[in-house]
Protein chains: 2
Amino acid sequence: MDEIDRKLIELLQHDAARPYSALGEAVGLSSGAAHERVRKLRERGIIRRTTIDVDPVALGRGVLAFVMIDSNAWMGDPPTAEALLAVPVVEEAHVIAGSSSLLVKVRTGSTDELQAVLRRLFQIDGVTGTQAIVVLQTFFERPTSSLSAC
Amino acid sequence: MDEIDRKLIELLQHDAARPYSALGEAVGLSSGAAHERVRKLRERGIIRRTTIDVDPVALGRGVLAFVMIDSNAWMGDPPTAEALLAVPVVEEAHVIAGSSSLLVKVRTGSTDELQAVLRRLFQIDGVTGTQAIVVLQTFFERPTSSLSAC
DNA sequence: GAGCTTACGGTCAATCTCATCCATAGAAAC
DNA sequence: GTTTCTATGGATGAGATTGACCGTAAGCTC
């Protein structure tokens with residue numbers, strides 16, 4: 001995991017369809033060497049998969065909200081994860097430190113649908129309350145930077 | 001944007017390196033037709049780019065936090081966005097409805113570094129306070145579902 | 001309604017790029 | 001000195017890309 005690997009990741013995050021020859025050229029290696037490095041990054045699980053970045057609005061998911069979930073029990077176990085996984089509009093689910101116990105990111109098509117999701121979250125075992133934070137505008141969403149922190 | 005397009009997006013989100021022939025077979029089309037549909041999805045901006053999914057821990061970003069930012073001025077303008085964009089560990093920045101005015105997602109290597117980031121956020125014009133929500137465990141993070149909501 | 005035009009996808013096949021694999025060589029570690 | 005790792009460069013086969021061609025449906029004219 002050296003500087004070249006980081007650069008390769010940076011390049012692939014920006015455009016994973018780039019040919020290996022271009023990739024190699026950008027980091028000063030042959031296409032074969034670039035290929036081998038990327039193969040190893042995948043093998044080691046550092047690169048998990050190649051995917052596409054989709055416009056949520058085009059998918060009819062124009063409403064974004066973060067929901068903090070309060071509970072009267074420990075929510076860090078698999079049954080909770082599965083219950084949340086079963087709700088397609090829940091994109092992220094985290095166990096957090098603080099007064100609430102869970103934080104989830106939800107993308108719906110309307111505020112009506114958001115309300116329906118909140119109702120559904122309420123029905124999960126242990127949930128005693130929710131607090132929705134509705135997003136008015138997203139400045140940006142970007143992948144994890146591979147550069148060292150500034 | 002019909003059922004086949006949605007299926008193609010679903011498949012590509014899972015593995016964007018899949019050959020067009022396999023893609024076509026999965027939706028009952030020829031490779032050429034699948035290719036043409038994907039090309040148009042890109043052209044229309046529904047597919048923004050192909051990218052890779054990277055393990056944040058491998059990049060030395062094992063600490064995830066959401067930070068709610070309070071302010072004494074309107075923070076929804078470009079200068080604020082640029083100030084946040086300049087901090088590499090800030091992955092997302094949203095203008096929110098509610099008592100705080102901004103919500104940002106931050107990934108750092110350590111809590112020390114998180115503290116440094118909070119200090120830096122404080123220095124942005126208009127910021128009067130921050131409230132960090134530290135993530136203990138992430139259940140999952142997944143792409144926006146292209147299936148219609150349940 | 002019949003016939004025509006056009007737009008829109010679709011299939012199939014030809015071509016050409018690129019991924020992939022392998023032999024080899026050099027450098028670094030032990 | 002030996003082993004291991006990583007690079008290069010070339011062969012080859014897979015797959016992306018493109019163009020020619022076809023079927024269908026909508027809209028138009030008569």
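For clarity, every value in this text was computed on a predicted model and none was experimentally measured. Reminder, nothing fancy here: chain letters follow the sequence lines and each chain counts from 1.
Salt-bridge formation is detected for the pair B/E92/A/K105: a Lys NZ or Arg NE/NH1/NH2 atom is positioned less than 4.0 Å from an Asp or Glu carboxylate oxygen. Using a 4.0 Å cut-off between charged side-chain N and carboxylate O, B/E141 and A/R48 make no salt bridge. The residues A/E10 and A/K7 are annotated as not salt-bridged, no charged nitrogen and carboxylate oxygen being separated by less than 4.0 angstrom. Electrostatic pairing of A/R37 and A/D5 counts as a salt bridge here, judged by a charged N lying under 4.0 Å from a carboxylate O. Between B/E3 and B/R6 a salt bridge is recorded (basic side-chain N to carboxylate O distance below 4.0 Å). Under 4.0 Å is where a charged nitrogen must lie from a carboxylate oxygen, and between B/R39 and B/E36 at least one such pair does.
Taking the C1' atoms of five terminal pairs at each end of the helix from C/dG1-D/dC30 to C/dC30-D/dG1, the two resulting helix axes are inclined by 30°, rounded to 10°.
A/M68 is listed as a side-chain neighbour of A/L103, based on a closest heavy-atom distance under 4.5 Å.
In terms of phosphate contacts, A/H35 brings a side-chain nitrogen or oxygen within less than 4.0 Å of OP1 or OP2 of C/dT20.
The CZ-C1' distance, from A/R39 to C/dC18, rounds to 18 Å in whole Å. Spacing between atom OH of B/Y20 and atom C1' of D/dT18 amounts to 13 Å, rounded to whole angstrom units. For A/E25 and D/dG9, the CD to P distance is 13 Å, given to the nearest whole Å. Atom pair A/R18:CZ and C/dC18:P shows a separation of 13 Å (rounding to whole Å applied).
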**OP:** Mark up nucleotides 6-16 of chain C, 5' to 3', with B wherever a protein heavy atom is under 4.0 angstrom from a base atom, S wherever such an atom reaches only the sugar-phosphate, and - elsewhere.
**Re:** ---SSB-----
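By the side-chain contact (heavy atoms from CB on, under 4.5 Å) test, A/P79 is found to be paired with A/D77, residues two or more places apart in sequence or in another chain being considered.
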